[in-house]
Structure formats: structure tokens, C-alpha cells
Amino acid sequence: MSSSLDTGTAGTVAETADSTKGLRNLYYARFGFAVIWAALLIPTASALTPVSTALLVIYPLFDVAAAVVDFRTPGTARQRVLLYINMALSLLTALGLAVAATSGIPGVLRVWGLWAITAGVVQLIVAISRYRLGGQWAMILSGGISTLAGASFILQAGGVNASLTSIGGYAVLGGVFFLISAIRLHRRTAEAQ
């Protein structure tokens with residue numbers, strides 16, 4: 001059963017198990033953060049307030065922190081360039097959201113939409129490259145949905161009733177995908193032992 005965790009690269013089964021455990025824990029944390037964050041954002045979604053603006057900037061900064069943790073997880077050598085790209089996109093997004101918040105919700109939706117598209121593509125590529133670890137089909141699906149959601153945010157920005165509520169829903173859905181992957185990785189680790 002342990003051989004099912006072999007990545008087919010120079011990594012050992014033990015390194016792959018450490019990678020799986022590290023990703024699993026990161027995915028659980030990302031789920032928890034997304035749900036709590038959305039619960040705080042949605043009540044303030046109709047207007048940009050100091051609280052909603054801070055929450056909007058915090059989300060991509062948390063994504064940077066998660067990418068740093070992911071970067072330090074054993075077995076991520078092949079994804080390091082993509083993780084750097086993800087960190088850069090998220091940092092630029094945090095700055096872009098801070099600036100866009102001064103112009104209103106449509107500007108925020110455009111910045112968030114662009115981030116969702118680009119981060120979704122990166123997530124999709126990383127998840128495909130990690131497919132052998134298991135639990136990645138949800139991440140593949142999440143990356144694809146993120147690109148579509150990003151386009152919808154950009155379209156919403158041109159609407160008359162632009163609101164941040166859909167961003168909260170997007171975060172919850174992404175969190176659910178992280179939870180599914182975490183559970184699948186947890187089961188895979190338990191089966192390998």
C-alpha cells in the first residue's frame with residue numbers, strides 16, 4: 001500500500017507522506033479561514049467599510065502565508081516556481097484591492113475577478129502536478145471554477161447592484177474544496193499506514 005504514495009520522482013515514500021500530511025493540515029486551515037472570513041465579510045457586503053476593506057486585503061495576504069507554508073512543505077520542489085507566482089499574484093492583489101476600495105465595489109470586483117482567474121490557473125496547474133499525491137481532483141475542479149468565477153466577478157462589476165456577497169460565496173466554495181482535499185489526503189495517509 002505504501003507504494004501508492006510514490007510520486008514517481010526522486011522523492012521517497014516518507015517524504016511523500018510528510019508532504020501529504022503537510023498539505024492536509026494546510027487545507028484544513030484554509031477551509032477554516034475561508035468560512036470564518038466569509039462569515040465576517042457577507043454582513044458588510046453591501047458597502048465598502050473599513051472592516052470590509054480590511055477583510056478584502058487580508059484574504060490574499062492569507063493566501064500568501066498559505067503559499068509560504070506550502071513552499072516549505074516537503075516534496076514541493078516541482079511547484080516552487082508556481083508557488084512564487086501565486087505569492088506575487090496575491091501580494092499584487094492585496095495592493096490592488098486596497099487601491100480599488102477607494103473607487104468602490106465595481107473596482108474591487110474587477111481586481112478580485114482578475115485574481116480569481118490567474119490564481120485559478122496556477123491552482124489548476126499545481127493540482128495537476130500533484131495528482132499522484134491523491135485528493136487533488138477537488139483542487140483541479142476548484143482551479144477551473146475559480147477562473148469562471150473570476151470572469152463572473154468582472155461582469156458583475158458592470159452591473160447596477162454590484163455587491164461583495166458573491167466574493168463571500170466564492171471563498172466558502174473554495175474552502176469546501178480545500179476541506180474535501182484535506183479529508184481525501186487524510187484517508188489516503190491512514191490507508192498507507
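Every value quoted in this text rests on a predicted model; they were computed, and no experiment measured them. We count residues from 1, following the sequence as given.
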* Asked: Is it true that a side-chain atom of Thr118 and a backbone atom of Trp115 form a donor plus acceptor pair closer than 3.5 Å?
  -> yes
* Could you tell me the separation between the OG atom of Ser90 and the CD1 atom of Ile85, rounded to the nearest 0.5 Å? => 11.5 Å
* **Aromatic ring proximity Tyr27/Phe178, centre distance under 6.0 Å** => yes
* From CG (Leu23) to CG (Asp70), nearest 0.5 Å -> 5.5 Å
* Aromatic ring centroids of Tyr170 and Phe153 under 6.0 Å? -> yes
* Partners meeting side-chain hydrogen bond (donor to acceptor under 3.5 Å, both in side chains) with Thr49 (sequence neighbours left out) -> Ser52
* Asked: Quick one: OG on Ser142 to CD1 on Ile180, what's the gap to the nearest 0.5 Å?
  -> 9.5 Å
* Asked: Is there side-chain contact between Leu56 and Trp112, with heavy atoms separated by less than 4.5 Å?
  -> yes
* Side chains of Asn86 and Leu82 in contact at under 4.5 Å (non-hydrogen atoms) -> no
* To do: Considering non-hydrogen atoms only, spot the tightest contact between Thr147 and Gly144 and give its length.
  => OG1-O, 2.6 Å
* Asked: Do Leu83 and Val68 share a hydrophobic cluster (ILVMFWY, side-chain heavy atoms under 4.5 Å, transitive)?
  -> yes
* Asked: With a cut-off of under 6.0 Å to the ring centre and 45° to the axis, is Arg80 in cation-pi contact with Phe71?
  -> yes
* **ILVMFWY cluster, Leu155 and Leu164 together (side-chain gap under 4.5 Å)** => no
* Asked: At their closest point, which heavy atom of Pro60 faces which heavy atom of Leu97, and how far apart are they?
  -> CG-CD1, 3.8 Å
* Co-membership, hydrophobic cluster, residues Ile154 and Val111, 4.5 Å side-chain -> no
* To do: Search all heavy atoms of Ala101 against all heavy atoms of Thr53 and return the closest pair with its distance.
  => CB-CG2, 3.7 Å
* How would you list all residue pairs meeting salt bridge (Lys or Arg N to Asp or Glu O under 4.0 Å) that involve residues 138-164, not counting sequence neighbours? -> none
* Going by distance alone, is a donor N or O of one side chain under 3.5 Å from an acceptor N or O of the other, for Gln156 and Ser166? -> yes
* **Transitive ILVMFWY side-chain link Val99 to Leu114, under 4.5 Å** => no
* **Min side-chain heavy-atom separation Leu61-Leu91 under 4.5 Å** => yes
* **Leu89 CG to Tyr84 OH distance, which is reported to the nearest 0.5 Å** => 15.0 Å
* Structure fact -> What one should report as the nearest heavy-atom pair of Arg30 and Ala66 is NH1-CB, 3.7 Å
* To do: Specify the closest pair of heavy atoms between Met87 and Val64, including all atoms of both residues, with the distance to one decimal.
  => O-CG2, 3.7 Å
* At what distance, to the nearest 0.5 angstrom, does OG of Ser181 lie from NE2 of His186? -> 14.5 Å
* **Ile117-Val122 co-clustered via ILVMFWY side chain contacts under 4.5 Å** => no
* Asked: Hey, does the side chain of Trp37 reach the backbone of Leu55 with a donor-acceptor pair shorter than 3.5 angstrom?
  -> yes
* So, Ser146 side chain and Ala116 main chain: donor-acceptor pair closer than 3.5 Å or not? -> yes
* Structure fact -> Closest non-hydrogen contact found for Ile42 with Gly169 is CD1-N, 4.4 Å
* Below 4.5 Å, heavy atoms only, C-beta onward: do Leu41 and Tyr59 meet side chain to side chain? -> no
* Can you check whether Ala149's main-chain N or O pairs, donor with acceptor, with Ser152's side chain at less than 3.5 Å? -> yes
* Structure fact -> For Phe62, the ring-ring contact (aromatic ring centres under 6.0 Å, His included) test, sequence neighbours excluded, returns Phe33
